[in-house]
Amino acid sequence: MAKKKKKPARFGFLSSNMGYYDFDLVAVVLLLTCFGLVMLYSTSAYVAEKDVGNDMLYFQKQAMIGGASIFLALAVSASRKFDYHILYYISFGIFILALVLMGMVKYTPLGVTINGARRWLQIGPIQFQPSEIAKIAAVTYMPCLVMKLGRKIRTFKGMAQLFAVGLALGLGAYIWTENLSTGLIIGAITVLMIFMAYPKPKWFLIAAVVLAALFIGARFGLQAMMASGGNLSDSSFRINRVLVWLDPEQYSQNGGYQIMQALYAIGSGGFFGKGLGNSVQKLGPVPEAQNDMIFAIVCEELGVFGGLIILALFGYLLYRLFFIAQNAPDFYGSMMVSGIFFHISLQVILNVCVVLNWIPTTGITLPFISYGGTSILFLMIEMGIALSVSRQIKFQGQA
């Protein structure tokens, strides 16, 4: 009797024509995007009506860009004509393009300053943040460089080349686009991808302990200086953010007001919240609530329960990315999806920590939820890359 072939596991959609395709990932991305649009309208309607007389302004822009981005991500990733391996050959071009565009923000008239920060590039009717392209460059070019180096990655020269790429992208985002938070995220993505390619736990654990000790020491040192009446210069923007983090009430006039109101919003929401649309803090106390502080409004209207639902959705999204990375058909696909995993997880953790005042404010948005056309566009590009990798997964017994 002929032995039956083992059926492939059905974690997504499987057909003989298209192969595996992770519709579970598609579903959670759609849920997060739709949830984000509902919360965006609830958060921004009052401000948009007051400023421009159109309560749908932010919602319409985000819905148009988000809808178009999702459609393109699904169409490209499901197409037989697109193979994610093409990114291997153009990743160096993406890396150079990211550096050039970030440089143009600082050194050309095309750079645009909004709310005191010069981070945007205006080319015709299109306005975007080139630092988002730098994240794509890190995710696509680091695996390419690791594969080209091969065993040379174990040498000092090989490691220096990998860290040089991360430094170039991270410092470019920090210096040329005045975006320290994005620079730190890019740096963290590259370090984690290097660790994944050449795991030496001892050195990374030592580095983590040193960084944690410096962080804790800096916090208690600054608190001690403040308690003893030490003079910390308020002229430094970075120092101001640290001071606000340490004592938001004392420095309420220099940035602490926003974080205090965000904490009030979370506290007043209780476990189940005041109800969708019933936030008080979004009416002015929390400035730009539709951006990096939107998680506070979610907790005020939907309570801690609503916040946990969002975190659970992000947890499932990360699980799907982990599953794709683990079962990717080759090293390049696995590394790229891992880089996307690191990006999403870092951004969610940092945003929530800022809202809870566990770390100084950084201006990091909450993926798929916060307002931002550039952010949603490049997030969908990353999801398209992950889906295109999933499409080439082969299970035991699958032809």
Side-chain angles (χ1 to χ4, degrees), residues 29-73 112-122 124-132 179 181-182 257-259 261-262 265-266 269 273-302 306-307 309-310 313-314 347-348 351-352 354-355 361-381 383:
V29 168
L30 288 174
L31 280 172
L32 280 168
T33 304
C34 292
F35 186 89
L37 287 173
V38 172
M39 291 310 307
L40 177 62
Y41 177 72
S42 174
T43 305
S44 65
Y46 171 78
V47 174
E49 178 67 30
K50 184 184 70 172
D51 293 344
V52 299
N54 179 11
D55 63 340
M56 300 283 286
L57 176 67
Y58 295 106
F59 175 85
Q60 287 173 339
K61 288 183 177 179
Q62 189 86 339
M64 289 175 61
I65 296 174
S69 301
I70 290 173
F71 175 79
L72 288 174
V112 177
T113 301
I114 299 177
N115 294 329
R118 192 180 178 90
R119 297 177 181 175
W120 287 262
L121 198 64
Q122 183 84 41
I126 302 174
Q127 183 175 295
F128 62 98
Q129 293 190 54
S131 58
E132 295 294 330
N179 198 336
S181 54
T182 298
Y257 180 76
Q258 184 185 35
I259 193 65
Q261 296 301 322
I266 296 171
K274 298 177 178 178
L276 186 63
N278 293 329
S279 168
V280 175
Q281 303 303 109
K282 70 184 180 184
L283 302 180
V286 179
E288 300 289 335
Q290 70 274 11
N291 294 327
D292 49 314
M293 288 293 171
I294 196 169
F295 186 73
I297 306 303
V298 172
C299 291
E300 184 183 7
E301 295 189 349
L302 304 179
I309 291 295
I310 287 184
L313 288 173
F314 276 119
Q347 200 155 323
V348 171
N351 178 270
V352 174
V354 165
V355 173
T361 55
T362 60
I364 292 292
T365 58
L366 189 61
F368 304 103
I369 309 293
S370 297
Y371 175 72
T374 304
S375 175
I376 197 73
L377 171 63
F378 286 99
L379 282 169
M380 291 305 173
I381 289 175
M383 295 303 103

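For this chain, numbers begin at 1 and follow the sequence in order.
Minimum heavy-atom separation, Leu40 to Tyr371: CD1-CB, 3.6 Å. Minimum heavy-atom separation, Thr182 to Ser131: CG2-CB, 3.8 Å. In this structure, Phe314 and Pro367 approach most closely via the heavy-atom pair CZ-O, 3.1 Å. The minimum heavy-atom distance linking Glu301 with Asn278 is given by the pair OE2-N, 3.6 Å. Nearest approach of Ser181 to Ile364, heavy atoms of both residues: CB-CD1, 3.4 Å. A pairwise comparison of heavy atoms in Gly372 and Gln62 identifies N-OE1, 3.2 Å as the closest pair.
Ile297 is not listed as a side-chain neighbour of Gln290, based on a closest heavy-atom distance of 4.5 Å or more. Contact check for Ile369 versus Phe295: no side-chain heavy atoms found under the 4.5 Å cut-off. Between Ser42 and Leu276 there is a side-chain heavy-atom pair separated by less than 4.5 Å. Under the 4.5 Å side-chain criterion, counting only non-hydrogen atoms from C-beta, Val38 is not in contact with Phe35. Considering only heavy atoms from C-beta on, Asp55 stays 4.5 Å or farther from Tyr46 through its side chain. Looking only at side-chain heavy atoms (C-beta outward), Ile310 and Met39 stay at 4.5 Å or farther from each other. Put simply, the side chain of Met380 reaches to within 4.5 Å of the side chain of Val29, judged on heavy atoms.
Asp292 places no side-chain N or O within 3.5 Å of a backbone atom of Ser370 that could act as its donor or acceptor partner.
Within a 6.0 Å sphere centred on NZ of Lys61, heavy atoms belonging to other residues, nucleotides or ligands number 12 at most. Met64 CE: 12 or fewer foreign heavy atoms inside a 6.0 Å radius.
Checking Glu132 against Ser375 by side-chain atom types alone, no donor-acceptor pair falls below 3.5 Å.
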